[in-house]
Amino acid sequence: MPELLDQASIDTALASLPGWSYDDNKLVKRVPVPSDSHDQLEKAVAEVADEMNHHPEVERGPDELRFQLWTHSAGGVTQKDVELAARIDQTLSGPAQQ
């Protein structure tokens with residue numbers, strides 16, 4: 001089972017993950033995106049998540065998506081969540097999203 005990160009490790013990771021926060025034992029990011037682009041962005045993130053075999057919880061709001069990451073089996077944030085957050089950020093800044 002992956003090891004939980006301590007608060008210092010989470011804070012260090014967040015320093016390199018702009019827009020991400022730590023809330024309720026999860027990494028969280030709200031991404032402004034027009035509602036008509038939700039499907040496209042979710043599909044792109046799902047492809048990355050499938051490659052890692054680690055999936056975010058995604059909530060849709062008006063003109064935003066909210067990503068939540070935590071490792072269920074560990075009961076909180078692990079290095080795998082940090083890696084997925086970074087990959088999501090790469091996806092968000094990719095050519096299709098500019």
Side-chain angles (χ1 to χ4, degrees):
M1 173 168 42
E3 282 188 38
L4 284 175
L5 297 179
D6 61 23
Q7 190 61 52
S9 297
I10 292 169
D11 291 342
T12 298
L14 287 172
S16 65
L17 295 168
W20 288 89
S21 62
Y22 180 69
D23 184 33
D24 195 27
N25 292 320
K26 301 171 187 172
L27 297 180
V28 179
K29 184 169 188 168
R30 291 180 185 275
V31 179
V33 60
S35 296
D36 62 355
S37 297
H38 283 181
D39 289 340
Q40 177 186 357
L41 182 54
E42 274 194 78
K43 181 180 178 195
V45 168
E47 289 174 8
V48 168
D50 286 346
E51 288 173 13
M52 294 183 66
N53 194 28
H54 193 61
H55 298 85
E57 181 175 299
V58 182
E59 294 178 1
R60 291 179 179 219
D63 295 324
E64 81 169 14
L65 291 175
R66 181 173 184 246
F67 296 96
Q68 297 183 87
L69 307 176
W70 77 101
T71 302
H72 301 265
S73 61
V77 175
T78 67
Q79 187 60 37
K80 198 161 192 170
D81 301 300
V82 172
E83 292 168 12
L84 181 54
R87 295 283 306 273
I88 288 172
D89 283 349
Q90 290 172 351
T91 301
L92 295 173
S93 65
Q97 300 305 317
Q98 293 179 355

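Nothing here was measured: the structure is a model prediction, and the numbers come from that model. Start at 1 with the first residue, then count along the sequence.
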Item to check | Side-chain heavy-atom pair R87, V45 within 4.5 angstrom cut-off | outcome: no
Next on the checklist: Going by side-chain hydrogen bond (donor to acceptor under 3.5 Å, both in side chains), name the residues that satisfy it together with H38, two or more places apart in sequence or in a different chain.
Outcome noted: none
Checklist entry - Same cluster for L27 and L92 if Ile/Leu/Val/Met/Phe/Trp/Tyr side chains link at under 4.5 Å? => result yes
Item to check | Cluster overlap W70 with F67, hydrophobic side-chain contacts below 4.5 Å | outcome: no
Checklist outcome for this item: With sequence neighbours left out, the residues meeting salt bridge (charged side-chain N to carboxylate O under 4.0 Å, His left out) with K29 are D89
Checklist entry - Once you round to the nearest 0.5 Å, how far does OG1 of T78 lie from CD of E83? => result 8.0 Å
Checklist entry - Roughly how far, to the nearest 0.5 Å, is CD1 of I88 from CG of L69? => result 4.5 Å
Next on the checklist: I need the H72 NE2 to H54 NE2 distance, nearest 0.5 Å.
Outcome noted: 7.5 Å
Checklist entry - L17 and V28: same hydrophobic cluster, using ILVMFWY side-chain contacts below 4.5 Å? => result no
Checklist entry - Between atom CG of D81 and atom CH2 of W20, what is the distance when rounded to the nearest 0.5 Å? => result 9.0 Å
Per-pair distances, 0.1 Å, donor-acceptor, side chain in residues 57-65, under 3.5 Å, sequence neighbours excluded:
{"from": "E57", "atom 1": "OE2", "to": "Q68", "atom 2": "NE2", "distance (Å)": "2.8"}
{"from": "E59", "atom 1": "OE1", "to": "R66", "atom 2": "NH1", "distance (Å)": "3.4"}
{"from": "E59", "atom 1": "OE2", "to": "Q68", "atom 2": "NE2", "distance (Å)": "3.1"}
{"from": "R60", "atom 1": "NE", "to": "E42", "atom 2": "OE2", "distance (Å)": "2.5"}
{"from": "R60", "atom 1": "NH1", "to": "D39", "atom 2": "OD1", "distance (Å)": "3.3"}
{"from": "R60", "atom 1": "NH2", "to": "D39", "atom 2": "OD1", "distance (Å)": "2.4"}
{"from": "R60", "atom 1": "NH2", "to": "E42", "atom 2": "OE2", "distance (Å)": "2.7"}
{"from": "D63", "atom 1": "OD1", "to": "S35", "atom 2": "N", "distance (Å)": "3.2"}
{"from": "D63", "atom 1": "OD1", "to": "S35", "atom 2": "OG", "distance (Å)": "3.4"}
{"from": "E64", "atom 1": "OE2", "to": "R30", "atom 2": "NH1", "distance (Å)": "2.7"}

Next on the checklist: Run the side-chain hydrogen bond (donor to acceptor under 3.5 Å, both in side chains) test against S9 and tell me which residues pass, sequence neighbours left out.
Outcome noted: D6
Checklist entry - Do you know the tightest heavy-atom contact between D50 and H55? => result OD1-NE2, 2.6 Å
Item to check | Counterpart residues, side-chain contact (heavy atoms from CB on, under 4.5 Å), relative to Q7 (two or more places apart) | outcome: I10, D11, Y22
Checklist outcome for this item: Contacts of D24 meeting side-chain hydrogen bond (donor to acceptor under 3.5 Å, both in side chains) (sequence neighbours excluded), chain-then-number -> none
Next on the checklist: Using side-chain heavy atoms (C-beta onward) and a distance below 4.5 Å, is T71 in contact with L4?
Outcome noted: no
Next on the checklist: Is it the case that atom CD in Q79 sees more than 12 heavy atoms from other parts of the structure closer than 6.0 Å?
Outcome noted: yes
